[in-house]
Amino acid sequence: MANIKSAKKRILVTEIRTAKNKAIKSKVKTYIKKVELAIAKEDKAAAQAALTQAIGEINKAASKGIYHKNTASRKVSRLTKAVNAMA
């Protein structure tokens with residue numbers, strides 16, 4: 001356990017940031033699952049709508065530094081490719 005005041009504060013701040021990052025990653029995963037579910041049901045319109053929302057959430061997470069920009073780009077690309085393959 002830390003004895004120095006600044007070290008104790010860093011521990012608290014790290015816990016708070018970890019919780020926020022975890023929540024945002026979970027939210028992104030939920031949106032990705034919605035797209036994949038629409039693809040599984042072969043509902044093109046729902047898949048397109050879910051894809052739009054998922055891309056927004058992924059890009060928001062990337063802009064906040066939760067995902068690396070290349071990781072975000074890869075996720076968007078794979079989802080888009082899957083939705084486009086439905087046609």
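For the numbers below, each heavy atom of this structure counts, side chains included, while hydrogens, waters and symmetry mates do not.
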### Task
Evaluate whether atom CG of L12 has more than 12 neighbouring non-hydrogen atoms of other residues, nucleotides or ligands under 6.0 angstrom away.
yes
### Summary
Output for pair (L79 CG, T52 OG1), nearest 0.5 Å, gives 11.0 Å
### Query
Would you say the side-chain atoms of S77 pair up with the backbone N or O of S73, donor to acceptor, closer than 3.5 Å?
no
### Message
I'd like to know if the side chain of S26 reaches the main chain of K22, judged simply by a donor and an acceptor atom lying under 3.5 Å from each other, with no hydrogens or angles considered.
### Response
no
### Query
Looking at A38 and A46, what are the two nearest heavy atoms and their distance?
CB-C, 3.9 Å
### Task
Answer whether the closest heavy-atom distance between the side chains of V28 and Y67 falls below 4.5 Å.
yes
### Query
Got a second to check how far R10's CZ is from T14's OG1, nearest 0.5 Å?
5.5 Å
### Query
Can you name the nearest heavy-atom pair linking Q48 to N84, along with the distance?
NE2-OD1, 4.3 Å
### Summary
Heavy-atom nearest pair, A47 first then M86, reads CB-SD, 3.9 Å
### Query
About how many Å separate CG of N70 and NZ of K75, when rounded to the nearest 0.5 Å?
12.5 Å
### Message
Could you work out, with salt bridge (Lys or Arg N to Asp or Glu O under 4.0 Å) as the rule, every residue matching K64, not counting sequence neighbours?
### Response
none
### Query
Hey, what do you get for CD (Q53) to OG1 (T30), rounding to the nearest 0.5 Å?
12.0 Å
### Task
Provide the closest heavy-atom pair for N3 versus K8 in the form atom of the first, atom of the second, distance.
O-CE, 3.8 Å
### Query
Looking at side-chain heavy atoms only, is the closest gap between T71 and I58 below 4.5 Å?
no
### SB check K33 E36 (cutoff 4.0 Å)
no
#### Entry: Minimum heavy-atom distance A82-I39, with the two atoms named
CB-CD1, 3.6 Å
### Query
In Å, rounded to the nearest 0.5 Å, how long is the span from CD1 of I32 to CG of L37?
13.5 Å
### Message
When you group the ILVMFWY residues by side-chain heavy-atom contacts below 4.5 Å and let the links chain together, are Y31 and I55 in the same group?
### Response
no
